[in-house]
Amino acid sequence: SYDELKKCTNNFSESNQIGSGGYGKVYRGLLLDGQVVAVKRAEQGSMQGGLEFKTEIELLSRVHHKNLVGLVGFCFEQGEQMLVYEFMANGTLRESLSGKSGIQLDWKRRIRIALGSARGLSYLHELAHPPIIHRDVKSTNILLDENLTAKVADFGLSKLVSDISKGHVSTQVKGTLGYLDPEYYMTQQLTEKSDVYSFGVVMLEMITGRQPIEKGKYIVREVRIAMDKNDETHYGLREKMDPVIKNTADLIGFPRFLELAMQCVEESASDRPTMSEIVKSLETMLQNDG
Ligand code: ADP
């Protein structure tokens, strides 16, 4: 209830605030039963937020997977809109890659995070009934729990594939610059492969540590250029790599990881792998490590 949420976040105090996003602020809270939660509170009077909140509740109450951030509850009371999630102690993948969260992700951990996220997305695409396209896959929507298990969050923009096939799809392209599938942008035809493109950009972020667009340079283009410059050892790419992993002696599966990322960001959607193919490839990389 509103009163419990108010209490458990210490009256929405600033000291309990952990972030702010598209539709309001996010607080850390402690429920009466001892569970730590994240409470997302909508900015008063944001209509757009209201719609995204409902989408998020509808979808999250139907999907359950260990690589998707779970919705613990919600509250529409006294003019408030709040969503209550399981708390993700290690914040977003972006924060870790930027070195802001104090944890350094080694190479193998990065593969595991990619694999976890891919499993969550593959569940949405292939096992959820009806299938769901996330539409806003990015490193700030991949959260890490206390064990550094990756969970995909933020379903506010998600679409049911069944709505799309019925033609109930707005012509307005949605998503985040830098992650947006160019083919979807041009044709406005939304498919699962748009999530695959965005996921490929996230994989490139894991390699370079950088955000998709930095200093006017686009990560996909940068990596392509670095790869073209050199032979199949991709030595030129070393310069572009995240310093945290750059000098690691054994980057298990690295060439395959890079190849997979580049397949995901292929211009043409039909050249990109499916999410379950990505899951299999990443699993193989980890298995081959013995
Ligand atoms: P946006 O709308 O920009 O995607 P959100 O409103 O979803 O952002 O979240 C804002 C910030 O709050 C995130 O960047 C993250 O740091 C934090 N956050 C969101 N959800 C959780 C959660 N379940 N556990 C811990 N922190 C969270």
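For ligands, and for the atoms within them, numbers begin at 1 and follow the listed sequence. Because the structure is a prediction, the values reported are computed rather than measured.
Atoms of ligand 1 found under 4.0 Å from any heavy atom of Asn141 (numbered from 1 in listed order, with element): 4 (O). Close contacts of ligand 1 with Thr92, meaning ligand atoms under 4.0 Å from a residue heavy atom, involve 13 (C), 14 (O), 15 (C), 16 (O). The contact set between ligand 1 and Leu143, taken as ligand atoms under 4.0 Å from a residue heavy atom, comprises 20 (N), 21 (C), 22 (C), 23 (N). Which parts of ligand 1 touch Ala38 is read off a 4.0 Å heavy-atom cut-off, strictly below it: atoms 21 (C), 22 (C), 23 (N), 24 (N). Set against the non-hydrogen atoms of Tyr85, the atoms of ligand 1 under 4.0 Å away are 23 (N).
Distance CZ/Arg112 to CG/Leu286: 6.0 Å, rounded to 0.5 Å. The CZ atom of Arg109 lies 14.5 Å from the CD1 atom of Ile245; values are rounded to the nearest 0.5 Å.
Below 3.5 Å of separation, one finds an N or O of Met88 facing an N or O of ligand 1. The shortest N or O to N or O distance between Asp154 and ligand 1 is under 3.5 Å. Looking at Lys40 next to ligand 1, an N or O pair under 3.5 Å apart turns up.
Heavy atoms of Ser20 come nearer than 4.0 angstrom to ligand 1 in at least one pair. Using a 4.0 angstrom heavy-atom cutoff, Lys138 does not count as in contact with ligand 1. Not a single heavy atom of Thr140 lies less than 4.0 angstrom from ligand 1.
Contact annotation: for Glu95 versus ligand 1, heavy atoms closer than 4.0 Å belong to the side chain alone. Neither the backbone nor the side chain of Asp136 comes within 4.0 Å of ligand 1, counting heavy atoms alone.
Partner of Glu205 under the side chain to side chain donor-acceptor pair (under 3.5 Å) criterion, chosen from Gln211, Arg210, Arg94: Arg94.
Although no hydrogens or angles enter the test, the distance criterion places a donor-acceptor pair under 3.5 Å between the side chain of Asp195 and the main chain of His134.
When only modelled atom types and interatomic distance are considered, Lys240 and Thr208 share no side-chain donor-acceptor pair under 3.5 Å. Judged purely by distance below 3.5 Å, without hydrogens or angles, the side chains of Thr92 and Thr140 never pair a donor atom with an acceptor atom.
Residues Ile18, Leu30, Val36, Phe87 make up the rest of the hydrophobic cluster containing Val26, defined by ILVMFWY side-chain heavy atoms closer than 4.5 Å, directly or through other members.
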Output, in order, the C-alpha distance, side-chain angles, deciding distance and verdict of salt bridge (charged side-chain N to carboxylate O under 4.0 Å, His left out) for Lys151 and Glu86. CA-CA 10 Å; Lys151 301 193 188 216; Glu86 53 181 331; 3.6 Å; yes
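Annotation: salt bridge (charged side-chain N to carboxylate O under 4.0 Å, His left out) contacts involving residues 271-284, sequence neighbours excluded, comprise Arg119-Glu283, Asp181-Arg272.
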